[in-house]
2 protein chains.
Amino acid sequence: MRLKCNDPDPRRFHGAMLQKDGFDQDDRMAADHTRTAIITAAERLYAERGFADVTMRDIVAAADVNLAAVNYHFGSKDELIAELFVTRSLATNRERLRELKAAEEAGDGRADINAIFAALVGPTLRGCLGPEKQRSDAARFMIRASIESVPPIRKIKNREVDHLKRFAAAMRRSLPDQDPADIFWALHFALAMAHQTIRDSERLTRMSDGLCDLNDVQAITDRVVAVAVMALTGKPAKAPLKEPAKAKARA
Amino acid sequence: MRLKCNDPDPRRFHGAMLQKDGFDQDDRMAADHTRTAIITAAERLYAERGFADVTMRDIVAAADVNLAAVNYHFGSKDELIAELFVTRSLATNRERLRELKAAEEAGDGRADINAIFAALVGPTLRGCLGPEKQRSDAARFMIRASIESVPPIRKIKNREVDHLKRFAAAMRRSLPDQDPADIFWALHFALAMAHQTIRDSERLTRMSDGLCDLNDVQAITDRVVAVAVMALTGKPAKAPLKEPAKAKARA
DNA sequence: GATAGTTTCATACATGCGTTTGAAATGCAA
DNA sequence: TTGCATTTCAAACGCATGTATGAAACTATC
């Protein structure tokens with residue numbers, strides 16, 4: 001029942017209509033207001049409460065559209081989730097790669113290792129903990145998706161591995177003498193620290209009685225990057241970057 | 001309907017019967033075989049597939065007991081989950097504190113910082129990645145529980161913060177001159193690395209094409225501890241516990 | 001071996017879910 | 001306008017879930 005390749009009912013529309021950078025811009029909102037409203041509401045609810053306890057009725061209520069609209073525009077609940085994920089996934093990866101490329105160009109093909117890690121965790125951290133609320137939903141949705149692993153996402157997520165390999169390759173170019181296994185471990189740890197910080201920032205706040213500042217996203221990024229570099233090289237970062245570093249060079 | 005404090009129906013039993021260390025010993029199995037079978041099956045299924053897509057019918061099928069048995073012995077699905085969680089939570093915390101205490105006694109009240117981190121992440125890592133399959137279910141269940149956050153667990157989990165504060169306090173005794181915020185961050189990162197390694201070990205394996213060895217639990221623990229210590233002190237661990245991973249010989 | 005208490009069983013219930021339906025509303029070109 | 005395609009709507013469908021029920025099968029005590 002799940003693998004119907006041909007539509008017997010020509011009623012459904014659910015055109016893909018992938019856009020080049022997320023779906024948060026309201027340029028042609030009025031065009032298909034319903035579709036946009038569903039996407040926005042679904043992303044927010046999933047980010048807030050996880051996939052398990054958000055129903056389609058919750059989504060359409062938040063979006064103020066009819067229940068049947070989701071199936072009409074997306075085909076099914078799973079396809080809605082999948083579209084949310086692939087769109088956001090592409091956007092995040094694009095931002096990461098843009099920063100990576102800038103760092104490599106700034107270093108003549110050998111990017112500063114700090115910049116590589118910053119390109120890896122920066123976009124997500126900024127998106128999740130930063131002040132911009134709407135993007136926050138997007139990034140927190142991605143964190144949820146990377147954890148709760150609902151079926152429609154699991155298949156797509158395999159591509160993530162290829163994406164991360166590009167960062168591992170950049171690190172190998174940057175530090176050719178480093179043990180490759182250490183590179184993968186450090187990359188793994190960097191993502192772990194970033195994700196956990198986003199996912200359970202509340203526990204850290206409570207545990208430290210508010211001592212750990214979760215509003216200064218740049219400081220958090222710097223900290224994660226510094227630890228990741230130490231994990232990789234075994235010694236403190238040579239140039240502990242206090243200022244928004246060279247990754248911003250390209251503009 | 002959800003908050004019935006008095007049982008109108010005296011049929012239900014679901015006595016708590018907390019045991020002193022987990023429920024995996026089969027000492028008096030035959031006594032209430034059904035209850036034990038449910039617990040074992042539920043824990044395994046939840047560990048494998050998460051809370052979202054494991055139904056009571058899945059559990060009773062795996063346990064080979066009647067559907068009504070869960071409600072009879074535990075009252076409800078949520079109470080079953082809660083009992084699983086509190087029992088395992090107590091066992092894990094007990095093991096951690098035992099190691100912490102041993103480390104503090106060995107250091108006259110000031111435990112070696114490496115030993116403190118090892119006490120924090122060691123029990124979980126060993127339980128999840130080690131060879132002992134049954135304990136593995138237990139620990140992976142706890143990881144799931146710490147992520148997916150189903151309602152019956154969310155309430156209990158607040159105590160976790162108090163538990164972690166004891167480790168933060170031990171670190172402060174061990175390194176009195178260290179910035180307290182750094183201690184909390186390092187503790188947070190240590191848990192992040194350990195949990196992510198358990199949760200997504202598959203991605204690390206695939207990303208590194210099998211280069212990262214996930215079978216040597218002691219080496220993984222050492223690595224996490226070493227990075228955590230560097231995150232805290234800003235310099236490599238002075239006295240690596242064991243043979244440090246092969247990366248050091250470079251440079 | 002009858003009796004009372006405990007545990008199991010097959011079955012049913014109520015509810016909420018994702019999805020479907022057919023018709024009504026809307027947009028739009030001729 | 002008319003005609004046709006697209007989109008919305010209220011209502012329902014089928015199904016799976018957690019829970020409840022009452023009787024049957026045990027178990028132990030007398």
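Side chains included, hydrogens not; waters and symmetry mates left out as well; all remaining heavy atoms used. Keep in mind the model is a prediction, meaning the values are calculated, not measured.
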A.B. asks: Over its full length, what angle do the end axes of the helix from dG1(C)-dC30(D) to dA30(C)-dT1(D) make, each axis taken from five pairs and the result rounded to 10 degrees?
C.D. replies: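 End-to-end axis angle: 0°.
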
A.B. asks: Would you mind telling me which of dT19(C), dT19(D), dT17(D) lies closest to the side-chain atoms of Ser76(A)?
C.D. replies: dT19(C)

A.B. asks: Output the single nucleotide from dT7(C), dT19(C), dT19(D) whose closest atom is nearest the side chain of Tyr72(B).
C.D. replies: dT7(C)

A.B. asks: Using a strict 4.0 Å threshold on nitrogen-to-oxygen distance, state whether Glu202(B) and Lys157(A) make a salt bridge.
C.D. replies: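 No, Glu202(B) and Lys157(A) are not salt-bridged.
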
A.B. asks: Out of dT19(C), dT8(C), dA12(C), which nucleotide sits closest to the side chain of His73(B)?
C.D. replies: dT8(C)

A.B. asks: Output the rounded distance in Å from CG (Leu67(A)) to P (dC9(D)).
C.D. replies: 11 Å

A.B. asks: Output the rounded distance in Å from CE (Met56(B)) to P (dT11(C)).
C.D. replies: 19 Å

A.B. asks: Taking only residues two or more places apart in sequence, or in another chain, which ones meet Leu67(B) in a side-chain contact (heavy atoms from CB on, under 4.5 Å)?
C.D. replies: Met56(B), Arg57(B), Val60(B)

A.B. asks: Taking atom C1' of dT19(C) as reference, at what distance in whole Å does atom CG of Asp78(A) sit?
C.D. replies: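 Taking atom C1' of dT19(C) as the reference, CG of Asp78(A) is at 12 Å.
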
A.B. asks: May I ask you to decide whether Glu160(A) forms a salt bridge with Arg96(A), counting only side-chain N to carboxylate O separations under 4.0 Å?
C.D. replies: yes

A.B. asks: Between Glu79(A) (CD) and dT20(C) (C1'), how many Å, whole number?
C.D. replies: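 Taking CD of Glu79(A) and C1' of dT20(C), I get 15 Å after rounding.
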
A.B. asks: Within this structure, what is the CG-to-P distance between Asn71(A) and dT8(D), rounded to whole angstrom?
C.D. replies: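 So the CG-P distance, Asn71(A) to dT8(D), works out to 13 Å.
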
A.B. asks: Counting just side-chain N and O atoms, does Thr34(B) come under 4.0 Å of either OP1 or OP2 of dT8(C)?
C.D. replies: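 Answer is yes, contact under 4.0 Å.
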
A.B. asks: Within the supplied structure, the quantity of interest is the number of heavy atoms (other residues, nucleotides, ligands) at a distance under 6.0 Å from Asn158(B) CG; does it exceed 12?
C.D. replies: yes

A.B. asks: If you pin Ala68(B) and Val54(A) to their nearest nucleotides in DNA chain C, which one's is more 5'?
C.D. replies: Ala68(B)

A.B. asks: Would you confirm whether the ring centroid of Phe141(A) sits within less than 6.0 angstrom of the ring centroid of Phe51(A)?
C.D. replies: yes

A.B. asks: Please work out whether the ring planes of Trp185(B) and His188(B) are parallel, tilted or perpendicular, with thresholds of 30° and 60°.
C.D. replies: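 The rings of Trp185(B) and His188(B) stand perpendicular, inter-plane angle above 60°.
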
A.B. asks: Take atom CD1 of Ile81(A) and atom P of dG18(C), then tell me their distance rounded to the nearest Å.
C.D. replies: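 After rounding, the reported distance stands at 9 Å.
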
A.B. asks: To the nearest Å, how far apart are Arg35(B) CZ and dT8(C) P?
C.D. replies: 11 Å

A.B. asks: State whether Phe74(A) and Arg35(A) meet the cation-pi test: NZ (Lys) or CZ (Arg) under 6.0 Å from the six-membered ring centroid, and within 45° of the perpendicular axis.
C.D. replies: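 Arg35(A) over Phe74(A) ring: yes.
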
A.B. asks: For dA16(D) and Thr55(B) - does any side-chain N or O of the residue sit under 4.0 Å from the phosphate oxygens OP1/OP2?
C.D. replies: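 So the side chain of Thr55(B) is outside the cut-off, no N or O lying under 4.0 Å from OP1 or OP2 of dA16(D).
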
A.B. asks: How many Å lie between CG on Asp32(B) and C1' on dC26(D), as a whole number?
C.D. replies: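 Rounding to the nearest Å, CG of Asp32(B) and C1' of dC26(D) are 15 Å apart.
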
A.B. asks: Which residue lies toward the 5' end of DNA chain D, Ala69(A) or Arg57(A), if each is placed at its nearest nucleotide?
C.D. replies: Ala69(A)

A.B. asks: Return the nearest nucleotide to the side chain of Asn66(A); candidates are dA10(D), dT7(D), dC17(C).
C.D. replies: dA10(D)

